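See structure below.
Numbered from 1 within each chain, the chains take letters A, B, ... in sequence-line order. If you're wondering where the values come from, they're calculated on a predicted model, not measured in any experiment.
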There are 2 protein chains.
Amino acid sequence: MRHAHHPATEELSLPETMAALSDPLRIGLVRVLADGAERGWGELRAPVAKSTLSHHLRVLRDAGVTRTRQEGTRCFVTLRRQDLDERFPGLVEALLGAADAEDVGGGVHLAPGADSTGACR
Amino acid sequence: MRHAHHPATEELSLPETMAALSDPLRIGLVRVLADGAERGWGELRAPVAKSTLSHHLRVLRDAGVTRTRQEGTRCFVTLRRQDLDERFPGLVEALLGAADAEDVGGGVHLAPGADSTGACR
DNA sequence: TTCGTTGTTCGTCGAATATCGAACAAGCTA
DNA sequence: TAGCTTGTTCGATATTCGACGAACAACGAA
């Protein structure tokens, strides 16, 4: 729960970003975050152990795909859509379009009751 | 040198495609093939052993990114641009744009003298 | 202070990946 | 037939990845 590293926009690496986005579960996470809303980790439901989820969120963060904010014991995550679009124009849009079309990472959901109006408890 | 397997367009998997496109050398190969021209194996110059190059070309082919054609003892490869665009609209374009901007996979070249006018020997 | 919640880190496992050199196979060519 | 070229496949090795449970650390609440 220490300070997380976030690469600067200009440090984003295309191969690393592609690798981060090549796992179905991580694609599912990106889809859940695609509306731009900030989500608490507690809202995220994925069919893996919490340590595994933590690992995947770390991969996304290290690659610069997401940004993590800490508040007390709780963490919130957002998609760095603007940074990604600046560096790799069209990539996220293409990924989301393709992922939605075939429901890649469909095992990832939001907790029931959570909506995009900011229901972070 | 036996019959290579090529997945059908509808079999292309987004995660597998993303994974295939997450290696700098493979991105370099895709860039070289981006003009749509068919290239002979022998034209491709990459800073790895030939067995390693063969491996990477196989990963691309298995993922459905490229198509391999055999003619005698020689192989020719093309980018399956149309299939990829049909299945994952905008993905290849976004990748190529970003890869060109930062010269990802710049270690991959065409053999001197080779051009896009079909100089496959 | 003592819990309970939350997320990270550790240790481990098996599977996959990247790389090389060497051996091999298939097809030309002399 | 013998050799050459071309690309694949086979070990061998080192690294990385994805997954899990368990232990740990930080913080808020009782």
Side-chain angles (χ1 to χ4, degrees), chain A residues 1-6 13 15-29 38-63 65-78 104-105 107-108 111 114 120-121, chain B residues 1-6 13 15-29 38-63 65-78 104-105 107-108 111 114 120-121:
Chain A
M1 234 188 254
R2 58 202 50 170
H3 288 19
H5 171 67
H6 292 89
S13 142
E16 188 178 352
T17 301
M18 294 294 288
L21 297 176
S22 69
D23 183 279
L25 198 143
R26 292 196 292 263
I27 293 177
L29 290 169
E38 183 175 60
R39 298 294 182 181
W41 288 28
E43 293 179 73
L44 304 174
R45 294 285 176 276
V48 290
K50 68 173 183 173
S51 59
T52 302
L53 180 59
S54 182
H55 161 70
H56 284 298
L57 287 164
R58 178 189 169 88
V59 171
L60 288 174
R61 189 184 59 217
D62 285 351
V65 174
T66 59
R67 187 182 305 283
T68 291
R69 182 175 67 85
Q70 196 172 337
E71 188 178 302
T73 70
R74 223 160 282 174
C75 287
F76 298 90
V77 61
T78 52
V104 176
V108 181
C120 293
R121 206 71 77 81
Chain B
M1 240 193 252
R2 59 204 51 170
H3 288 20
H5 171 66
H6 293 89
S13 142
E16 188 177 354
T17 301
M18 294 294 288
L21 298 176
S22 70
D23 183 280
L25 198 143
R26 291 196 293 261
I27 292 176
L29 290 169
E38 181 175 63
R39 298 295 181 179
W41 245 223
E43 292 180 73
L44 303 175
R45 293 285 176 275
V48 291
K50 68 172 183 173
S51 57
T52 303
L53 180 59
S54 181
H55 161 70
H56 285 297
L57 287 165
R58 178 188 169 87
V59 171
L60 288 173
R61 188 184 59 217
D62 286 352
V65 174
T66 59
R67 187 182 305 283
T68 291
R69 182 175 67 85
Q70 196 173 336
E71 187 176 302
T73 70
R74 225 160 280 176
C75 286
F76 298 92
V77 61
T78 51
V104 175
V108 181
C120 293
R121 205 71 80 76

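DNA chain D lies under 4.0 Å from at least one heavy atom of each of the following residues of residues 52-62 of chain B: B:S54, B:R58, B:R61. Of all the residues in residues 15-29 of chain B, B:D23, B:R26 reach under 4.0 Å from DNA chain C with at least one non-hydrogen atom.
Screening A:V108, A:V65, A:L60 for a side chain to side chain contact (heavy atoms under 4.5 Å, CB included) with A:R26, the sole residue that qualifies is A:L60.
The two atoms that bring A:P24 and A:V104 nearest to each other are CA-CG1, 4.1 Å, heavy atoms only. Pairing each heavy atom of B:S22 with each of A:A19, the nearest pair is CB-N, 3.5 Å. Across all their heavy atoms, A:A63 and A:A20 have their closest contact at CB-CB, 3.6 Å.
Side-chain contact between B:D23 and B:H56: present, with at least one pair of heavy atoms (C-beta onward) separated by less than 4.5 Å.
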In sequence, state the C-alpha distance, the side-chain angles, and the governing distance for A:L29 and A:L57, and then conclude on side chain to side chain contact (heavy atoms under 4.5 Å, CB included). CA-CA 8 Å; A:L29 290 169; A:L57 287 164; 4.0 Å; yes
Apply side chain to side chain contact (heavy atoms under 4.5 Å, CB included) to the pair A:W41 and A:L53, showing each step before the final yes or no. CA-CA 9 Å; A:W41 288 28; A:L53 180 59; 5.8 Å; no
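Between A:R69 atom CZ and C:dT8 atom C1' there is a gap of 18 Å when expressed in whole angstrom units. Between the CD atom of A:E43 and the P atom of C:dT6 there is a distance of 12 Å, given to the nearest Å. Summarising the geometry, the separation between CZ on B:R74 and P on C:dG27 is reported as 14 Å, rounded to the nearest angstrom. In this structure, the CZ atom of A:F76 is 11 Å from the P atom of C:dT6, given to the nearest Å.
The main-chain N or O of B:G40 is found under 3.5 Å from a side-chain atom of B:E43 such that the two form a donor-acceptor pair. No donor-acceptor pair closer than 3.5 Å links the side chain of A:S54 to the backbone N or O of A:K50.
The side chain of B:K50 lies closest to C:dA23 when the candidates are C:dA23, C:dG27, C:dT6.
Applying the 4.0 Å criterion to OP1 and OP2 of C:dT8, one finds that A:W41 has every side-chain N and O outside that range.
Between B:R67 and B:H6, the side chains place no donor N or O within less than 3.5 Å of an acceptor N or O (distance only, hydrogens not considered).
One distance of note links CD of A:E71 with CZ of A:R74; it measures 8.5 Å at 0.5 Å rounding.
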So if I define the base as every atom that isn't primed, P, OP1 or OP2, how would nucleotides 10-15 of chain C read as a B/S/- string at a heavy-atom cutoff under 4.0 Å? ------
